[in-house]
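Just follow the structure's listing: the first ligand is 1, and inside any ligand the first atom is 1. In what follows, every heavy atom counts, from backbone to side chain, and hydrogens, waters and symmetry copies are set aside. For clarity, every value in this text was computed on a predicted model and none was experimentally measured.
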Amino acid sequence: MKNTRISRGYNRLAPFYTVSAKLVFGNTLQRAQEFFLDQIRDSDCVLILGGGSGELLTALLRQHPRVKIDYVDISPRMIELARRKNHNPDNVNFIIGTERQIPGETYSVVITNFYLDLFNDQTLERVIHQLKPHLATNVTWLATDFVSEKVWHKVFLGMMYAFFKIVTGIQTHTLPHWQGALTKAGMQEQISKKFYRGFIKSSVYKIVQ
Ligand SMILES: C[S@@+](CC[C@H](N)C(=O)[O-])C[C@H]1O[C@@H](n2cnc3c(N)ncnc32)[C@H](O)[C@@H]1O
């Protein structure tokens, strides 16, 4: 029921998502998401969760046209846009669903961009727990998301959460401790890069061996 509401919300937002993100952040969201794509190899098996309307997918396929990808998003409209934008490539498996609908595979790369911020701390812990059986032991987890380290970050986030709450019905109103949640799940940040005066962070995580 809750997921149906969220899915409908993102369906409504889908046609405007990229344009409105660009109006607010310019190309920064895309630049941040592309920054660590060089960590991916042609032989990888990639899971993209909450992939959205497909901008990152285009960049990824440009660098690795044949890499195998499972592309999961709760919104059929987002999936449709991603599929069309990328000419329905046969090495991409588009899945309308959530972390509960991930095919029973293990992945050597997981990409969560502006996805971990959709949950409250408690749900995020559950979501990451659900993902763990799908992680190869040498997995590379690429996460790009907001961080809240300055007063203006908090104010900005407050406005964005208010907007997303109204439009999509997401369940949280504050940024969860997504970095802490990944660390708690046994991941370790290897490298990172900040964008937009420190408001956006792209990180590469690996499992602590
Ligand atoms: C803020 S958008 C980010 C989209 C894309 N990653 C980007 O950065 O452009 C969040 C995306 O996650 C999807 N989404 C929301 N909740 C989800 C869930 N539980 N499982 C999978 N996708 C979800 C939405 O439909 C939306 O496409």
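Between the side chains of S202 and T144, a donor-acceptor pair is found at a separation under 3.5 Å.
Residues passing the side chain to side chain donor-acceptor pair (under 3.5 Å) test with N138, sequence neighbours excluded: none. Not counting sequence neighbours, F164 has no partner by the ring-ring contact (aromatic ring centres under 6.0 Å, His included) test. Scanning for ring-ring contact (aromatic ring centres under 6.0 Å, His included) contacts around F146 gives F25, F114, F199, with sequence neighbours left out.
Note: F156 and W152 have tilted aromatic rings, judged against thresholds of 30 and 60 degrees for the angle between ring planes.
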Quick one: ligand 1 N/O to protein N/O pairs below 3.5 Å?
unit_1, atom_1, unit_2, atom_2, d
ligand 1, 6 (N), G50, O, 2.8
ligand 1, 6 (N), N113, O, 2.8
ligand 1, 8 (O), Q33, NE2, 3.0
ligand 1, 22 (N), I74, N, 3.2
ligand 1, 25 (O), D73, OD1, 2.6
ligand 1, 27 (O), D73, OD1, 3.4
ligand 1, 27 (O), D73, OD2, 2.6

*asked:* One pair to check against side chain to side chain contact (heavy atoms under 4.5 Å, CB included): I6 and I74. What are the steps and the verdict?
replied: CA-CA 8 Å; I6 291 171; I74 200 172; 4.1 Å; yes
